[in-house]
Amino acid sequence: MAMDREELMTFILDHYENPRNYGAREDAQVVKKGGNPGCGDIITIYLKIDDEGLIKEVSFEGEGCILSQAATSMITEMVVGKTVDEVEAMSSEVITDIIGRDLAMTRPRCTTLGISTVKMAIKEWQRKKMLDEIEKEKAL
Ligand code: FES
C-alpha cells in the first residue's frame, strides 16, 4: 500500500537518522566511493560477495543530503541476499518505487547515488575476480 506524504517523510527521515547497514567494513572485498560532483555529497560502499556472486554483506558511510543518505540506506536493505546479476538488472530508478515518482523526479541524482555506486562496486568486484582467474591460470 502506498504511503501518504507524512508517512513517506517519516520513513525517509528514519532512514536518514538511523541509517541501516552503516559503517566501514574492514573485511570488505570492494570499497567504492561515489559522489555527486554538483553538490559534493559522497558515499562509500563496502561489499562482501561470495564465489557464486551472492551479495552477503553490504554497508555504507556517507555525508550529504537527506535523500541521498536515506536512499542509500534503503538500497543496502534491498541488495543484500541478491546476486550481482540481479542487482545489475535493477533499474537506477528502483527507489522511485518506494518514495514515489513526484519526489524522485525532483531529485534524481540524490535518489540514484546509492544504487549507481553499488553497481560500480559490483563492476570492480567482477574486474578483480577476472584478474584473479587470469593469475590462477598463469600459475598452472
Ligand atoms: Fe547532493 Fe542530494 S543534494 S546528493
Side-chain angles (χ1 to χ4, degrees):
M1 203 174 71
M3 288 182 265
D4 67 26
R5 192 163 174 81
E6 201 180 317
E7 286 169 336
L8 180 59
M9 292 306 146
T10 304
F11 178 73
I12 290 170
L13 261 185
D14 181 48
H15 270 275
Y16 178 69
E17 287 169 352
N18 309 292
R20 317 307 194 261
N21 304 305
Y22 196 85
R25 294 200 66 91
E26 298 279 315
D27 57 348
Q29 289 147 307
V30 190
V31 179
K32 190 79 193 165
K33 272 193 194 312
N36 276 335
C39 60
D41 292 352
I42 55 158
I43 57 166
T44 306
I45 294 285
Y46 301 84
L47 277 186
K48 275 189 83 174
I49 303 172
D50 75 8
D51 289 343
E52 273 71 54
L54 190 74
I55 298 176
K56 302 294 278 184
E57 286 170 40
V58 56
S59 68
F60 82 105
E61 291 180 307
E63 278 178 35
C65 71
I66 291 175
L67 255 187
S68 68
Q69 306 302 305
T72 303
S73 167
M74 292 172 207
I75 287 292
T76 64
E77 289 193 314
M78 289 168 109
V79 302
V80 76
K82 287 199 165 50
T83 66
V84 292
D85 291 344
E86 285 172 325
V87 175
E88 286 201 303
M90 282 164 79
S91 161
S92 60
E93 292 178 11
V94 66
I95 287 294
T96 305
D97 295 341
I98 302 174
I99 68 169
R101 187 151 293 277
D102 288 353
L103 185 55
M105 291 295 276
T106 61
R107 309 275 295 276
R109 289 200 302 184
C110 311
T111 53
T112 57
L113 180 60
I115 185 69
S116 60
T117 308
V118 168
K119 287 186 181 191
M120 285 194 306
I122 287 173
K123 289 234 174 327
E124 192 159 316
W125 174 79
Q126 287 166 329
R127 196 164 45 237
K128 277 186 184 174
K129 193 166 183 276
M130 201 170 73
L131 288 173
D132 281 355
E133 280 162 16
I134 290 170
E135 285 302 315
K136 269 187 212 149
E137 273 177 31
K138 270 195 206 162
L140 289 179

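Atoms within a ligand are numbered from 1 in the order they appear, just like the ligands themselves. The structure presented is a predicted model; accordingly, all values stated were derived computationally and were not measured. The figures here come from the full heavy-atom set of this structure, side chains too, leaving out hydrogens, waters and symmetry mates.
Just one residue in the list Ile55, Ile122, Leu54 forms a side chain to side chain contact (heavy atoms under 4.5 Å, CB included) with Thr83, and that residue is Leu54. Applying the side chain to side chain contact (heavy atoms under 4.5 Å, CB included) test between Gln126 and each of Val84, Leu131, Ile49, Val30 identifies Val84 as the sole match.
Closest protein heavy atom to atom 3 (S) of ligand 1: Asp41 OD2, 3.4 Å.
Interface atoms of ligand 1 facing Asn36, defined by a heavy-atom separation under 4.0 Å, are 4 (S). Taking a cut-off of under 4.0 Å to the non-hydrogen atoms of Ser68, the atoms of ligand 1 that pass are 4 (S).
Shown here is Met105, whose CE atom has no more than 12 heavy atoms of other residues, nucleotides or ligands within 6.0 Å.
For Tyr46 and Glu61, the side-chain atoms include at least one donor-acceptor pair closer than 3.5 Å.
Among the backbone and side-chain atoms of Cys39, none of the N, O or S atoms lies under 2.8 Å from atom 2 (Fe) of ligand 1.
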Exercise. Could you walk me through whether Tyr22 and Phe60 pass the ring pair (Phe, Tyr, Trp, His ring centres under 6.0 Å) test, one step at a time?
Key: CA-CA 5 Å; Tyr22 196 85; Phe60 82 105; 5.0 Å; yes
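Atom 2 (Fe) of ligand 1 forms the vertex of an angle spanning SG of Cys110 and SG of Cys65; to the nearest 10 degrees it equals 110°.
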